[in-house]
There are 2 protein chains.
Amino acid sequence: MQEKEVTIYDLAERLNISATTVSRGLQDHPAINIKTKKRIFDLAAEMGYRSNKFASNLRRQKTNTIGVIVPRLNSLFMSSVLSGIERSVNNAGYNLIISQSFEKESKEKTNAKTMFNNRVDALIVSLSSDTADFSHFDPFLKKNIPIIFFDRTTEAMNSTTVVIDNFKAGYLATEHLITQGCREILHITGNIDRNVYADRLKGYKKALLDHQIDFREDLFISNDLSEGAMHDALIAHVIKRKQLPDGLFVTNDSAAAFALTILKGAGLRIPEDIAVVGFNNDLISRVTEPPITTINYPGNEMGERIARILIDHLDGDGNPDLNSQIVLNTDLIIRASSIRKKTYE
Amino acid sequence: MQEKEVTIYDLAERLNISATTVSRGLQDHPAINIKTKKRIFDLAAEMGYRSNKFASNLRRQKTNTIGVIVPRLNSLFMSSVLSGIERSVNNAGYNLIISQSFEKESKEKTNAKTMFNNRVDALIVSLSSDTADFSHFDPFLKKNIPIIFFDRTTEAMNSTTVVIDNFKAGYLATEHLITQGCREILHITGNIDRNVYADRLKGYKKALLDHQIDFREDLFISNDLSEGAMHDALIAHVIKRKQLPDGLFVTNDSAAAFALTILKGAGLRIPEDIAVVGFNNDLISRVTEPPITTINYPGNEMGERIARILIDHLDGDGNPDLNSQIVLNTDLIIRASSIRKKTYE
DNA sequence: TTGTAGGCGTTATCAC
DNA sequence: GTGATAACGCCTACAA
């Protein structure tokens with residue numbers, strides 16, 4: 001039943017030429033006669049030939065495979081990034097192996113090991129929220145396998161990073177709330193060991209400072225942004241208190257949507273009682289009531305940017321340093337969840 | 001800079017044994033002396049040896065890689081399925097290559113070809129919405145590479161399929177609306193060439209029939225369930241008419257959320273004017289106002305089921321037929337978007 | 001423009 | 001318990 005695999009030798013034999021010529025023909029080598037090439041391709045199609053990547057990889061010491069490790073795939077942002085990466089990378093003849101760390105350092109380490117053993121030509125990583133140790137990336141560095149970090153990056157390794165201007169984003173979000181009359185702005189965010197959350201926090205603080213508002217520890221919560229965590233945080237730190245904040249800046253749209261739901265459930269009006277700003281411009285931010293003001297996060301652009309850098313590096317002489325810090329622009333998208341002043345544009 | 005790759009020969013030389021023994025030791029072959037094994041493992045660790053999968057694959061004619069082609073990754077359902085698949089499959093020593101068809105037959109064909117050339121040991125597919133021709137799967141069949149279809153399946157190929165009971169789900173959703181007093185239930189769904197949508201439609205029709213309600217062509221819309229499509233459909237077919245439907249059954253939660261937003265925007269009250277039921281139990285169905293009644297879709301369970309079938313097949317003698325149709329159970333999750341009768345529990 | 005030869009790193013087979 | 005050898009299918013010097 002199992003058909004025998006066709007090799008270049010089979011083709012060579014049938015065509016009365018050498019396997020070398022077949023190999024070259026298949027690769028469109030310029031030195032091969034066009035007619036010969038045509039005969040090779042025709043026969044290859046006829047016999048159902050498919051090149052054996054292992055043999056080829058084994059010989060060339062290159063896999064044409066790029067590994068991607070992300071915390072999760074289930075956000076619009078992530079799938080946009082991946083979509084962008086995939087498109088560019090496919091066009092350049094590379095394949096993608098994608099894996100999820102589910103926000104766990106341990107899974108990230110396992111994934112990294114797998115990628116390493118699969119001998120990916122390059123690695124693209126967005127760190128899990130609790131990754132504190134980076135030794136699982138050392139083998140890549142030792143073997144000169146390029147790593148690009150995006151979104152959730154680290155300064156602990158000096159690789160190329162692609163990020164948005166999280167400081168600016170945090171600043172814009174906070175300033176917007178201030179402009180809307182908010183003075184007690186609760187900031188709920190992820191693990192601030194991660195650059196994205198740390199930088200957004202800095203932006204938040206700077207905006208407060210610029211508007212003569214003191215930063216208050218009791219208006220800052222760091223958790224995992226899950227539904228349960230949002231619930232606990234809001235019930236304990238907000239709803240049970242007498243004095244409510246008048247603004248809320250959450251660094252992820254799903255979490256912002258949870259928050260919205262929870263607050264409304266507690267009888268609060270959005271944006272009148274509390275104005276809300278999210279982050280990412282995920283689909284979910286558009287279907288809540290009211291829709292959520294958020295930060296646009298250009299996933300596709302980021303993905304394509306990452307892919308281009310990597311491909312230029314891999315297909316080039318491999319020399320140019322892979323140490324650049326690329327910062328993409330971002331904007332605030334204003335929706336009803338935060339508009340409290342009619343006069344505001 | 002680039003360190004030389006360590007091979008079993010290097011280990012063999014240093015240990016004064018043969019490469020064969022090293023290979024066996026690394027694989028924990030029972031015939032090898034425990035002490036020898038220990039020496040091998042220790043040295044391997046010390047020298048930073050990693051096995052070369054290509055050489056191994058080349059030799060064994062097996063890749064330990066499973067390909068997955070899905071329409072999109074950005075739904076909770078899909079990531080649950082993948083998560084389930086990944087967990088089981090990883091434990092069994094397999095890797096996953098994941099790719100998205102973005103609902104296009106052409107991309108699906110390209111992806112399939114890539115998977116084929118990567119010599120995946122098996123393929124897991126959820127069809128793109130517009131796939132009408134299945135010839136891209138022929139090469140797999142010819143080579144006896146198992147294919148499992150899940151969710152979006154086809155009867156055109158008799159492979160194993162894993163689905164939920166879409167008929168029952170459609171029936172439950174529709175009957176629920178009827179129980180809530182709805183009589184003119186609009187059904188908006190995807191391409192009914194796809195089993196999932198076809199079966200849900202059958203369930204919808206049967207529920208109507210069982211309650212002496214005539215099926216009306218003008219209350220049935222098939223589109224791509226995108227935001228734009230929902231907008232067009234609802235504006236043209238619903239809002240501009242004098243007579244409104246009193247129920248809406250949309251076969252995907254994002255689309256249901258869009259619908260909810262659009263209808264509310266047109267001044268309609270949910271569920272009083274129109275009761276809404278979605279599908280999938282995605283996150284998004286819980287954060288709209290009101291939250292959306294939906295069908296629970298057990299993604300994780302489905303993923304694990306798929307993985308188990310495949311692994312049993314691959315690691316077994318490969319004999320057992322891969323032709324079973326597996327149907328998982330499902331439920332209706334009732335939320336405020338459809339509750340119109342106080343008496344209803 | 002085409003061919004020869006050798007090796008990429010592993011594992012199956014057979015032998016000891 | 002261990003080893004020698006060949007083969008998996010391809011690609012790249014070098015040769016012609």
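Order of the sequence lines fixes the chain letters, A, B, ..., with proteins taken first and strands second; residue numbering starts at 1 for each chain. Predicted, not measured: the structure shown is a model, and the values here were computed from it. Values below: all heavy atoms of this structure, side chains included; hydrogens, waters and symmetry mates excluded.
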I need the [atom1]-[atom2] distance between [X] and [N], as an integer number of Å.
X      : N       : atom1 : atom2 : value
K38(A) : dT1(C)  : NZ    : C1'   : 19 Å
L11(A) : dG9(D)  : CG    : C1'   : 12 Å
I8(B)  : dA4(D)  : CD1   : C1'   : 13 Å
I32(B) : dT11(C) : CD1   : P     : 13 Å
E5(B)  : dT10(C) : CD    : P     : 9 Å
K53(B) : dT10(C) : NZ    : C1'   : 14 Å
L58(A) : dG6(C)  : CG    : P     : 18 Å
I34(A) : dT2(C)  : CD1   : P     : 11 Å

Next on the checklist: I'd like to know if the side chain of D121(A) pairs up with that of T63(A) as donor and acceptor (distance under 3.5 Å, no hydrogens or angles considered).
Outcome noted: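 Short answer, yes.
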
Checklist entry - Going by atom types only, do N95(B) and N64(B) share a side-chain donor-acceptor pair under 3.5 Å? => result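 N95(B) vs N64(B): no donor-acceptor pair found between side chains.
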
Ignoring the backbone of [X], work out which of [options] is nearest its side chain.
X      : options                  : value
N52(B) : dT2(C), dG9(C), dA12(C)  : dG9(C)
S18(B) : dT12(D), dT11(C), dG3(D) : dG3(D)
T20(B) : dC8(D), dG7(C), dA4(D)   : dA4(D)
N33(A) : dG9(D), dT2(C), dC11(D)  : dT2(C)

Next on the checklist: Need to verify one output field. Residue with the more 5' nearest nucleotide on DNA chain D, N16(B) or S51(A)?
Outcome noted: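 Result: N16(B).
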
Next on the checklist: For a quick test of reading the model: is some side-chain N or O of Q61(A) closer than 4.0 Å to OP1 or OP2 of dG9(C)?
Outcome noted: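 True: Q61(A) side-chain N/O within range (under 4.0 Å) of dG9(C) OP1/OP2.
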
Checklist entry - Would you say T36(A) reaches dT2(C)'s phosphate, i.e. side-chain N/O to OP1/OP2 under 4.0 Å? => result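 For dT2(C), OP1 or OP2 has a side-chain N or O of T36(A) closer than 4.0 Å.
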
Item to check | Residue pairs fulfilling ring-ring contact (aromatic ring centres under 6.0 Å, His included) with at least one residue in residues 34-56 of chain A, sequence neighbours excluded | outcome: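 As it turns out, there is no ring-ring contact (aromatic ring centres under 6.0 Å, His included) pair with a partner in residues 34-56 of chain A once direct neighbours are skipped.
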
Item to check | Passing candidate, side chain to side chain contact (heavy atoms under 4.5 Å, CB included) with E108(A), options V70(A), D133(A), D130(A), L127(A) | outcome: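 Answer to the side chain to side chain contact (heavy atoms under 4.5 Å, CB included) test with E108(A) among V70(A), D133(A), D130(A), L127(A): L127(A).
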
Item to check | Whether F140(B) and F137(B) hold their rings parallel, tilted or perpendicular, with breakpoints at 30° and 60° | outcome: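 Ring orientation of F140(B) relative to F137(B): tilted.
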
Checklist entry - So what does S23(B) hit on the nucleic acid, given a heavy-atom distance under 4.0 Å: a base, only sugar-phosphate, or nothing? => result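 Base: the residue S23(B), judged by heavy atoms under 4.0 Å, touches a nucleobase.
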
Checklist entry - Looking for any heavy atom pair under 4.0 Å, which part of the strands does T7(A) touch: base, sugar-phosphate only, or nothing? => result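 Answer is sugar-phosphate: T7(A) comes under 4.0 Å of backbone atoms only.
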
Checklist entry - Do R59(B) and dT11(C) share a donor-acceptor pair, side chain to base, under 3.5 Å? => result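 Donor-acceptor pair under 3.5 Å: yes.
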
Next on the checklist: Pick the closest DNA chain C nucleotide for R24(A) and for Y9(A) by heavy atoms, then say which residue is nearer the 5' end.
Outcome noted: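 Looking at DNA chain C, the more 5' nearest nucleotide goes with R24(A).
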
